[in-house]
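Convention: sequence-line order gives letters A, B, ...; per-chain numbering from 1.
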There are 4 protein chains.
Amino acid sequence: MSEHRQPGGRPRDGRIDGAIAQATRELLAERGYAGLTVDAVAARAGVGKAAIYRRHATKQEMIFAATVHDMQEQPPPDSGSLRGDLAAITRTIASQLSTAPPDVLHGLLSDIHADTALGDRFTSTFLERERLVITEVLHRAVARGELAERPDTGVVHALLLGPIFYRLLILVDDGEPIGDFTAVVSETVTAALLSGTARP
Amino acid sequence: MSEHRQPGGRPRDGRIDGAIAQATRELLAERGYAGLTVDAVAARAGVGKAAIYRRHATKQEMIFAATVHDMQEQPPPDSGSLRGDLAAITRTIASQLSTAPPDVLHGLLSDIHADTALGDRFTSTFLERERLVITEVLHRAVARGELAERPDTGVVHALLLGPIFYRLLILVDDGEPIGDFTAVVSETVTAALLSGTARP
Amino acid sequence: MSEHRQPGGRPRDGRIDGAIAQATRELLAERGYAGLTVDAVAARAGVGKAAIYRRHATKQEMIFAATVHDMQEQPPPDSGSLRGDLAAITRTIASQLSTAPPDVLHGLLSDIHADTALGDRFTSTFLERERLVITEVLHRAVARGELAERPDTGVVHALLLGPIFYRLLILVDDGEPIGDFTAVVSETVTAALLSGTARP
Amino acid sequence: MSEHRQPGGRPRDGRIDGAIAQATRELLAERGYAGLTVDAVAARAGVGKAAIYRRHATKQEMIFAATVHDMQEQPPPDSGSLRGDLAAITRTIASQLSTAPPDVLHGLLSDIHADTALGDRFTSTFLERERLVITEVLHRAVARGELAERPDTGVVHALLLGPIFYRLLILVDDGEPIGDFTAVVSETVTAALLSGTARP
DNA sequence: CTATAATCGAGACGGTACGTCCAGTCTTCGG
DNA sequence: CCGAAGACTGGACGTACCGTCTCGATTATAG
């Protein structure tokens, strides 16, 4: 859904992309994922449906673009210790996951798993990037001498982010502040790694 | 959606409930969550749509009933140690989550979070039961003297089941056998609890 | 159900109106009034149901539009005598009523009397026009000097068209050719008017 | 739909027939022909649906029985003249047609023409009886010497009853009292017959 | 300065599914 | 067997929404 025109013809109006994204986010907040219709987005954005479909192949792509647009994970600055690096990662993920309501994230995940193309985009945009971040942090720990060998990235990935997802997307209405929880998670995984427990 | 019959009138045909549930499961497997239609379920089950809607208010309720029908978690038999109990829990959950394809579970979670009524049923049917299981296991560990005080159930809940969900529903296509992974998870959480790391 | 387009938007495809009307007429002929379904009309016309409901609020409106589309009665050319004018009217009505099978006309009348909006449209489209035709013909007769005063239009209306309706829609399967009968009717009414019998 | 029980088993409760008929008539008056449902009739009559279908093969038969149950035309007492006899017939028919609202009669006619079995019953119950009445009256007139030969019954039938139907079922909302109109009709037909106009 | 070409809002199009409503049948219980 | 109650199949209804297409009007670059 990009790279599409060389000269000739009227250029796309850049403001429209923003209007679509904003209308999408507003309507998701107002009516929920299931209640979102493309017609409503077009109306709210003051835009024709064709303008939307010229930019996004499906409704799901549109939502994807509008909600996760800039979630591009970067490895955290080296904090000097594995403990600090993992804590930074959990905090970042937790705050990103908190920006959208749970029903939107579930809807998105559902559509992602129903559509191969979107699934691949999701994997390469997020999961792959998360893997890289974790691999980098583990690499630092090995270089520092904190870890004797590099643990399996996939295991750490699930161990570290799984509880955050579960807490935010499944349990949802726990009263406790999420900050305390992320600290427990990173601390637990750090301890497991340092003690060699989390070795498959 | 239950207990609504006093005498008089033809009783519901119990076989129909089963036929609907089975047709739903078959079609979910064949066509995926998004491809499931109520008409197709009715046709496959050899049943009128009215019979379905007499039992389930919406398509989502029908799927919910058909897929999670008997997933009623029981506390595992006392294995004699916290380590053994937690390992049993992760194995059970992992095997239950593996029975349905990921797109079905995501679809269901999505619908659950889009519908308060369904969400409440989900919470009380599953999450609450999982909480009870975990609370019971932690209670045993305290009684045994393995733990000095009872940790927060919610934290352990997310710490234990989160990675399983993440691994099965988000990462999905990891080559490794899931059994090894569940062992790592339960081992990690056990270690954290015994060492007192997972205290909020 | 008309005059609703200012610029903007794709214009209605005029061919679709025709396709709907024709499919409706064909299916009425093939399956009868009771056997007509909107889905079948859409399928036969190669058209979506939405296109039908964009044009007609209900199935009945669709049938109404398809069957009585162009039945717009005009006063017959002045034949020079009341007798000739009335004969022309009965012939016209009889031939129009013969174009649709009786079950269609009864179904339509039934629906018309069940729905005020449709009833008003029917009245203004047909009955009013028939009244005008008859009034005009009676006016000519007065002008010619055939009649001393103008008889009540409603009485003549029922006296002239009632027998035709009854014969075609109620008795139905009389062997005699309808042409002979219309002649008798117009002759009878003419005689009654000229002799002053039909004066209330 | 009759003649069906010799000994054995519980006898039919005769009061039920009446309750069904009355509930049908009430609901027709309240909700119109199109709004009548069998369930509603059963509920109003305090009766099971089976009791209705044990007595009437279809909803239409039920309505037929409830509305036209006793409309059994008898030849009017000999008034001494064709004029008087025809006037009696039109008055009787007009008063019978006025007992049910027009939408009910149209609905019934529509269903009658959609269903051969009902159509035959209608024909033999009403049309045939009307024919007999008219034939008898014409016979009297011939015997009296008022008419030289017996006119075609079918023609007189349509000529006499057609205007009444048209006036009551099609035009409907004419302000004039129907009594005046029936007089005009019978007078017109009488004159036509006596003068020999209505000869095919 | 005109021609070409892609854009825009608006909204109609085919298709598909939803959830509702009845008709007519069947099944239970009790009388 | 009759009766009330109510579940059953089957199938149409009218609504909603998706993704596509068409219209007339705009707005750039290319010639």
*Asks:* Please determine if a side-chain N or O atom of B:Arg10 lies less than 4.0 Å away from the OP1 or OP2 oxygen of F:dG3.
*Replies:* no

*Asks:* Please state how far atom CD1 in C:Ile63 lies from atom P in F:dA12, giving the value in whole angstrom units.
*Replies:*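 Checked: the CD1 to P distance equals 14 Å.
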
*Asks:* Over how many whole Å does the gap from B:Leu36 atom CG to E:dT16 atom P extend?
*Replies:* 16 Å

*Asks:* Are A:Glu26 and A:Arg31 close enough for a salt bridge, meaning some N to O gap below 4.0 Å?
*Replies:* no

*Asks:* Between E:dC22 atom C1' and D:Asp111 atom CG, what is the distance in whole Å?
*Replies:* 14 Å

*Asks:* Before accepting this row, confirm whether a basic side-chain N of the pair C:Arg44/C:Glu30 lies closer than 4.0 Å to the acidic partner's carboxylate O.
*Replies:* yes

*Asks:* As a test of understanding, state which of C:Arg12, C:Arg54, C:Arg55 forms a salt bridge (Lys or Arg N to Asp or Glu O under 4.0 Å) with C:Asp17.
*Replies:*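 Filter result, single survivor: C:Arg55.
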
*Asks:* Between D:Arg54 (CZ) and E:dC26 (P), how many Å, whole number?
*Replies:*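 It works out to 13 Å between those atoms.
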
*Asks:* Give the rounded distance in Å between these two atoms: CE of C:Met62 and C1' of F:dG14.
*Replies:*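 Going from C:Met62 (CE) to F:dG14 (C1'), I get 12 Å.
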
*Asks:* What nucleic acid atoms does A:Ile52 come within less than 4.0 Å of, heavy atoms only: base, sugar-phosphate, or nothing?
*Replies:*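 If one applies the 4.0 Å heavy-atom cut-off, A:Ile52 turns out to touch nothing in the nucleic acid.
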
*Asks:* By nearest nucleotide on DNA chain E, pick out whichever of C:Asp13 and B:Tyr53 is the more 5' one.
*Replies:* C:Asp13

*Asks:* Which nucleotide in the set E:dC13, F:dA28, E:dG9 lies at the smallest distance from any side-chain heavy atom of C:Arg12?
*Replies:* E:dC13

*Asks:* Let me spell it out: for each of D:Lys49 and D:Ala45, pick the nucleotide of DNA chain F with the closest heavy atom. Which residue's pick is nearer the 5' end?
*Replies:* D:Ala45

*Asks:* Taking the side chain as C-beta and beyond, is there a heavy-atom pair between B:Ile112 and B:Phe64 under 4.5 Å?
*Replies:* yes

*Asks:* E:dG9, F:dA4, F:dT9: which one has an atom nearest the side-chain heavy atoms of B:Ala50?
*Replies:* F:dT9

*Asks:* Please state how far atom CZ in C:Arg15 lies from atom P in E:dA12, giving the value in whole angstrom units.
*Replies:*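 These atoms are roughly 16 Å apart.
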
*Asks:* So does D:Lys59 get a side-chain nitrogen or oxygen closer than 4.0 Å to the phosphate oxygens (OP1/OP2) of E:dC22?
*Replies:*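 It does not, given that no N or O in the side chain of D:Lys59 lies less than 4.0 Å from OP1 or OP2 of E:dC22.
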
*Asks:* Please give, in whole Å, the distance from F:dC2 C1' to D:Ile16 CD1?
*Replies:*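 In whole Å, F:dC2 C1' lies 8 Å from D:Ile16 CD1.
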
*Asks:* DNA chain F: C:Gln60 or B:Ala51, which has the more 5' nearest nucleotide?
*Replies:* B:Ala51

*Asks:* Hey, does the side chain of B:Asp103 reach the backbone of B:Tyr33 with a donor-acceptor pair shorter than 3.5 angstrom?
*Replies:*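 Present.
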
*Asks:* Nearest-Å distance, CZ (C:Arg55) to P (E:dG11)?
*Replies:*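 Going from CZ in C:Arg55 over to P in E:dG11 covers 15 Å.
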
*Asks:* Among F:dC18, F:dC13, E:dG19, which nucleotide sits nearest the side chain of B:Thr58?
*Replies:* E:dG19

*Asks:* Starting from the 5' end of DNA chain E, give me the residue, B:Asp39 or C:Gly46, whose nearest nucleotide shows up first.
*Replies:* C:Gly46

